[in-house]
Amino acid sequence: MSKYRQLTQTEIEVLENNVCWAEDWQRVLVDEDFKPYNFHRVMFYGDIRLGKFNKQVEVTKGFFKHSGINDTTLRNVTVGNDCLIEKVGNYINNYTIGNDCYISNICTLETTDDATYGEGSVISVLNEMGDGNVTLFRELNSQVAALMVKHYRDKQLRNTLQQLIQDELRVTRPERGIIGNNVKIINSKDITNTIIKGDCEISGAARLSECTVMSSMDAPVFIGTGVICENSIICDGCSINNSVKMQDCFVGEACQITNGFTAEASLFFANSFMANGEACAAFCGPFSASHHKSSLLIGGEFSFYNAGSNTNFSNHAYKMGPLHYGTLERGTKTASGAYILMPATIGAFSVCFGKLMHHPDTRNLPFSYLVAYGDDCYLVPGRNITTVGLYRDIKKWPKRDKRSRQSRKSIINFDWLSPFTVGEIMEGIKILKALREASGDNVSTYNFHEYVINASSLRKGLKYYDIALRIYMGAVLKRAQKEGFFGEPKSETGKGKWNDLSGLLLPESEEQRIITDIKDGTIENIQQLLDRFADINEHYSDYRWAWSYQLILDYYGLEELTPADVERIREDYVKARRAWIAEIRKDAEKEYAMGDVEDEVYEDFLSKLDHEIDYEN
C-alpha cells in the first residue's frame, strides 16, 4: 500500500515546465519516491494518486520506453508504479490503475455512477423471447448456470439464488473501475465501466462497456482487433479477437471466440471455441465448438459438441485426421428438452430434426446415429460406441483442457462411461428388447416412434451396448479395488438416477439436496454452493461405486461379490475391451479404404490400438 504525499513546489514547477496542468495541485498526491521528470502534457482533474515511475516499459519486443504519463487527461484516477500512459485522446476518468501497465493510443477509459461491470443482469438462455433465467456474475460456472436453467420454473429457488448473488455483488462490487497489474491496453477506443484484471492485453478493441475481464498471470486474457463487448463477463485464459460482437454473455475459462462471431444472451463455458457464426440464447457447455459462417446456435444446450455448417450438426467425416473435433458425447438438448442423437455425417440430417424434437424418449438410445433416406428416418442404435471418432474423442478431450490449474471454475468429468451414460444405455437395452419382443425376430425392420430401425441394426445395437456395459463394470471394479472401497457400498448415495449438470456427473438425489438446501437457507452464500459442487465431484468415485455395485449384481445375477465373481467380471471386461478395439479397427480400415487417410496417419492410429492391451490390467 503506497504512502502518498503532496507535491513539492519544485516538482510542481517541473511538471508545469513540461506543459502539465492541474485543476488543484493540492489534490495531486504522489508516492514518497515520485519523480516528476517523465510527465509531459498531462492535465489533472479531481483527486489524483500517482506511484513511482523508475522502470523502463517494453512496448513491443525489444523496444523499451521510460515509464511515465504523456499526452493524457486524468480525472479522479489512481496510477500505480512504473506505468506508461500516453496518447489518450479523450480522458481517463474514475479509475484505479495497477502497477506496470502500458496504456497507449486509446480514446476513453471511464467509470460512470451507475456502473455494474456486467454483473447482476438476468439473461434469457434457451428461450430468447422468454423471461430471464440466468444471472451473470463473475463466479458463475457451468454447474450454477445449469441449475438456474434446469430449475427456472422453481420460483423459490430462482428468487433465493438471485438474492445470494445480489448479496455477493454488494460485497464485491468496487466503487469505480479497476485495471490490474501488468495490463496492456493499446490502439483501442472506448472502455467504459469495465474491470480488467491483471496480465490482460487489449489491442485494437472497438468498445468494452459494462464488462468484467477475469485475467490472471497464469491465465491471461487477450482481447483483439475490432471487438465490441457489452454487458459481459470474460474469464481467465480467454481470447476474444477479430471483430467479435458480444452482448449479455458469459465466457468461461480458456474459451476462444474469434473471426466475426456474434453472440447475444449466451453462455460459453470451459474450452469452447466459436468462430464465424453466431449464437443467441445458447447454453454452450464445456468443449462446445462452432467454426462456420452458416452456423447459428440458438435456443439449445450443447456440450462436448461440434456444430457443423448450416443444418449438418457433425460435419467431420474425416475422423482419423488431426483436424477432427469429434461428435458430441453426452447429447445436445434443444429448447424443447429433447436430445439430439449422435447424427450421421450427412446433410440430410435436417429432414429428421423436426421429428426428433417431439420425442424426448429418443434420449434413451444414446451413442446412436440418425440417418435420413428420403422421407424416412433410420435409427442406428449404439453405432457410435465403436467408431474411430468416439475413440479419438475419449483420448483427446482431457488433453484439450487448456485451463490453468488455478482457474478451473467449471467442473468437467471426462468419463465417457459413467452412471449417467450407462444408465441411458440400460434404458436403450430395455427399449430394443421390448421392440424385438413385440414384433418378433422374423422381421426386417422395427418402428420406434416415427423412426425405422433395421433388424440388423437392432441386433448390433444390443451387442454394442453390452460391450459398453461389460467395459464399464470391469473398469469400475478395477478402480474400486485400487481405491480401497471394494465390497458392499457404505453409503446409499448414488444408487438412483444420475444427471449431467453441464460437466458435473452427480446422483439426482444430490442435485435435489442442493435445491432443498438453497431454499431452506442451509446454503447461505454462493461460495458454499460452489463448495458443494466441488464436494460432490470429490466423492464421485464413492457415488459411482454405490450405483455400479448393484448394476454388477443384477447383470450377473449375484447376491454378493466373491473372488471368483471378480475374476469372471475381469475376464468379461478384457473380452469386451478387445471386441471394442476390434470394431474400432474395422471402422478405421473402412475409412482408410475410402482413400481419404494418409498411410502415416492410419499406421499411427493402428499402433495406438495395438497398445490398448497395456491398459487391461
Side-chain angles (χ1 to χ4, degrees), residues 123-134 136 142 145-146 149 226-232 234 238-252 255-317 323 325-328 330-358 370 372 502:
I123 66 172
S124 181
V125 177
L126 299 189
N127 183 1
E128 69 272 20
M129 301 302 292
D131 295 332
N133 53 11
V134 176
L136 302 182
S142 60
V149 170
V227 170
I228 297 176
C229 190
E230 299 175 332
N231 197 49
S232 297
I234 299 168
C238 289
S239 175
I240 316 292
N241 196 21
N242 291 350
S243 300
V244 166
K245 294 179 176 62
M246 183 186 304
Q247 184 173 8
D248 300 322
C249 290
F250 183 94
V251 185
C255 290
Q256 296 182 60
I257 303 183
T258 188
N259 293 351
F261 192 85
T262 62
E264 181 178 356
S266 294
L267 309 173
F268 307 93
F269 290 106
N271 300 291
S272 289
F273 180 94
M274 300 286 148
N276 300 307
E278 56 184 314
C280 179
F283 189 119
C284 299
F287 293 99
S288 295
S290 176
H291 300 256
H292 303 277
K293 285 186 177 180
S294 55
S295 294
L296 168 59
L297 302 178
I298 184 169
E301 187 174 352
F302 313 94
S303 186
F304 290 86
Y305 172 76
N306 183 24
S309 179
N310 198 12
T311 54
N312 175 13
F313 275 71
S314 181
N315 62 317
H316 293 277
L323 296 180
Y325 273 77
T327 54
L328 53 109
R330 296 183 187 164
T332 297
K333 194 189 295 182
T334 66
S336 70
Y339 279 73
I340 300 170
L341 301 178
M342 300 285 190
T345 52
I346 58 171
F349 172 63
S350 59
V351 176
C352 299
F353 186 66
K355 294 180 181 179
L356 183 60
M357 289 180 65
H358 291 94
L370 179 64
S502 194

Legend entry - Taking every non-hydrogen atom, the tightest pair across Leu136 and Cys249: CD1-O, 3.9 Å

Inset, instruction - State, with a plain yes or no, whether a side-chain heavy atom of Asn271 is found less than 4.5 Å away from one of Pro286. - result: no

Legend entry - Separation between CD1 of Ile234 and CZ of Phe268, rounded to the nearest 0.5 Å: 11.0 Å

Legend entry - Closest approach of Ser266 to Ile123 (non-hydrogen atoms, all atoms of both residues): N-CD1, 4.1 Å

Got a list of side-chain donor-acceptor pairs under 3.5 Å for residues 239-246, not counting sequence neighbours?
residue	atom	partner	partner atom	Å
Asn241	OD1	Thr225	N	3.2
Asn242	ND2	Asn259	OD1	2.9

Inset, instruction - Write down the atom of Ser142, the atom of Ser502, and the distance for their closest heavy-atom approach. - result: OG-O, 2.9 Å

Inset, instruction - Specify whether Phe269 and Phe250 have parallel, tilted or perpendicular ring planes, treating 30° as the upper limit for parallel and 60° as the lower limit for perpendicular. - result: tilted

Inset, instruction - With side-chain contact (heavy atoms from CB on, under 4.5 Å) as the test, would you mind laying out the steps for His292 and Asn276 before giving the verdict? - result: CA-CA 5 Å; His292 303 277; Asn276 300 307; 5.8 Å; no

Inset, instruction - Look up atom CD in Gln247 and atom OG in Ser232, then write down how far apart they are to the nearest 0.5 Å. - result: 7.5 Å

Legend entry - Non-neighbouring partners of Glu264 that pass side-chain contact (heavy atoms from CB on, under 4.5 Å), sequence neighbours left out: none

Inset, instruction - Nearest 0.5 Å please: distance from the OG atom of Ser288 over to the OH atom of Tyr305. - result: 8.5 Å

Inset, instruction - Provide the closest heavy-atom pair for Asn306 versus His291 in the form atom of the first, atom of the second, distance. - result: OD1-CD2, 3.4 Å

Legend entry - Minimum-distance pair of heavy atoms, taken over all atoms of Phe261 and Gly277: CD1-O, 3.1 Å

Legend entry - Reported CD1-to-OG1 distance for the pair Ile228 and Thr262, which is rounded to 0.5 angstrom: 11.0 Å

Inset, instruction - Kindly give the heavy-atom pair with the smallest separation between Ala145 and Val134, and that separation in Å. - result: O-CG2, 4.3 Å

Inset, instruction - Keeping the roles fixed (side chain from Asn133, backbone from Val125), state whether a donor-acceptor pair exists under 3.5 Å. - result: yes

